[in-house]
Each structure stands twice: as C-alpha cells, then as structure tokens.
Amino acid sequence: MSSCYQQNLEIMNSLKMIAVVVFTMLGTAAFAQTKTDKIKVLGNCGMCKKRIETGLKDAAITSATWDKDNKFLTVSYDSTKISNEKIQQKIAALGHDTDKAKAKNEVYDKLPGCCKYDRTGKTVKAH
C-alpha cells in the first residue's frame, strides 16, 4: 500500500468517526425538551432562597431562581427527565409549600425561625 493511500484512508476513517460523534450529539440534543415554568413557592428570606435554589441542583434542572418578594420560582428543566410535579415535590421535601405539593409538618418544623412562612398561603413581607 502506498503511503499516500494509507494517509487518505486514515483521514477518511477520522472523518467518519467525527461524523458519528456529531450525529450522535445532534440526535441527543434533538430529544432534550427545555421548559421554563414559574412556580409559587412559599418562603421568607435569603436563607429560604439559598435552600430552594441549592436544593434544586439536578442534572435535569438547568436553572432555578426564587424571588423572595413575589414568592415565585423560575425554573428551567429538561422535561424528558423531570416534570413540574416532581420539581414541586423536591421543593416540598426542602420544607417549602407550593400550589401542588405541601411540605410535611416535621420538615417545615425544622426550618429556622426566619424561614417559617404563613402556611395558609397569605403572602407576608419578606425579611
């Protein structure tokens, strides 16, 4: 085999490998469904904000920002990996009520005093 022919063969094999990798990545990206929702989450202060945002660090959740003044969480996530309902269950497990998931009393009771919000759903002024 000539050296030129062998080099061309190696280049073609490299290009095939690159094509396979690119098409695999594109195929995977095509199935990802990024969705952004606003979820009412009860809480009061900066500690609540940190707990909620940190507690939602997950491979399926790309961003989570909670506004303590309006009590809304803006969350972006891959809807093929996690649902809005599962996100709300994760929030409730942290001790914070949402419209669709309520924190267990024993979890809520362990929150620091400044984080104890009005569980009737009335909005109170943030600290």
Side-chain angles (χ1 to χ4, degrees):
M1 236 188 264
S2 75
S3 129
C4 186
Y5 176 78
Q6 191 163 0
Q7 281 181 328
N8 284 340
L9 200 60
E10 288 175 15
I11 290 171
M12 286 179 53
N13 284 337
S14 294
L15 289 174
K16 282 180 190 177
M17 184 65 82
I18 290 170
V20 168
V21 169
V22 168
F23 286 120
T24 301
M25 291 175 67
L26 289 175
T28 304
F31 292 110
Q33 299 279 328
T34 301
K35 189 171 180 183
T36 301
D37 288 335
K38 284 193 178 282
I39 301 170
K40 182 79 166 180
V41 179
L42 298 181
N44 291 327
C45 62
M47 285 177 62
C48 295
K49 178 178 176 63
K50 183 176 181 181
R51 181 181 311 103
I52 294 164
E53 292 175 358
T54 302
L56 291 176
K57 290 195 187 272
D58 185 298
I61 299 172
T62 53
S63 70
T65 306
W66 183 70
D67 185 312
K68 72 178 185 178
D69 294 323
N70 69 23
K71 311 290 187 227
F72 274 96
L73 170 74
T74 303
V75 61
S76 296
Y77 58 97
D78 181 345
S79 63
T80 64
K81 295 180 180 177
I82 194 167
S83 66
N84 180 294
E85 290 75 22
K86 291 279 188 199
I87 292 170
Q88 292 196 44
Q89 290 169 5
K90 286 175 78 83
I91 295 165
L94 298 169
H96 295 273
D97 294 346
T98 72
D99 289 336
K100 294 182 181 176
K102 302 295 177 203
K104 292 182 179 179
N105 288 335
E106 54 269 18
V107 177
Y108 173 81
D109 290 342
K110 291 180 183 176
L111 293 176
C114 62
C115 296
K116 300 236 171 128
Y117 50 89
D118 178 3
R119 295 195 86 185
T120 63
K122 297 176 189 167
T123 304
V124 294
K125 188 171 182 174
H127 298 261

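- For Asp97 (side chain) and Ala103 (main-chain N/O), a donor-acceptor pair under 3.5 Å exists by modelled atom type.
- Interatomic distance, Leu42 CG to Lys68 NZ, rounded to the nearest 0.5 Å: 15.5 Å.
- Minimum heavy-atom separation, Leu111 to Lys116: O-CE, 3.2 Å.
- Between atom CD1 of residue Ile91 and atom CZ of residue Arg51 there is a gap of 12.5 Å, rounded to the nearest 0.5 Å.
- Taking Asp67 as the reference, nothing meets the salt bridge (Lys or Arg N to Asp or Glu O under 4.0 Å) condition, with sequence neighbours excluded.
- Between Val75 and the choices Ile61, Ile52, Val41, Ile82, the side-chain contact (heavy atoms from CB on, under 4.5 Å) rule is met once, by Ile61.
- Side chain of Gln33 to main chain of Ser79: no donor-acceptor pair is present (N/O by atom type, distance under 3.5 Å, no hydrogens or angles).
- The list of ring-ring contact (aromatic ring centres under 6.0 Å, His included) pairs with a residue in residues 48-103, not counting sequence neighbours, reads His96-Tyr117.
- Shown here are the side chain to side chain contact (heavy atoms under 4.5 Å, CB included) partners of Lys104, two or more places apart in sequence or in another chain: Glu106, Val107.
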**Request:** I would like to know whether Lys90 and Asp58 meet salt bridge (charged side-chain N to carboxylate O under 4.0 Å, His left out); could you show each step before the answer?
**Result:** CA-CA 10 Å; Lys90 286 175 78 83; Asp58 185 298; 3.3 Å; yes

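- Note that NZ of Lys71 and CG of Asn44 are 5.0 Å apart. Values are rounded to the nearest 0.5 Å.
- Lys35 places no side-chain N or O within 3.5 Å of a backbone atom of Asp78 that could act as its donor or acceptor partner.
- Every side-chain hydrogen bond (donor to acceptor under 3.5 Å, both in side chains) that Thr74 has, sequence neighbours left out, goes to Lys38.
- Within 6.0 Å of the NZ atom in Lys102, the count of heavy atoms belonging to other residues, nucleotides or ligands exceeds 12.
- With sequence neighbours excluded, no residue forms a side-chain hydrogen bond (donor to acceptor under 3.5 Å, both in side chains) with Asp99.
- Taken to the nearest 0.5 Å, the OG atom of Ser63 stands 10.5 Å off from the NZ atom of Lys57.
- Asn105 meets the side-chain hydrogen bond (donor to acceptor under 3.5 Å, both in side chains) test with Arg119; sequence neighbours excluded.
- How far SG of Cys48 is from CD of Glu53: 11.0 Å, rounded to the nearest 0.5 Å.
- The side-chain contact (heavy atoms from CB on, under 4.5 Å) test with Leu73 is passed by exactly one of Thr98, Leu56, Thr65: Leu56.
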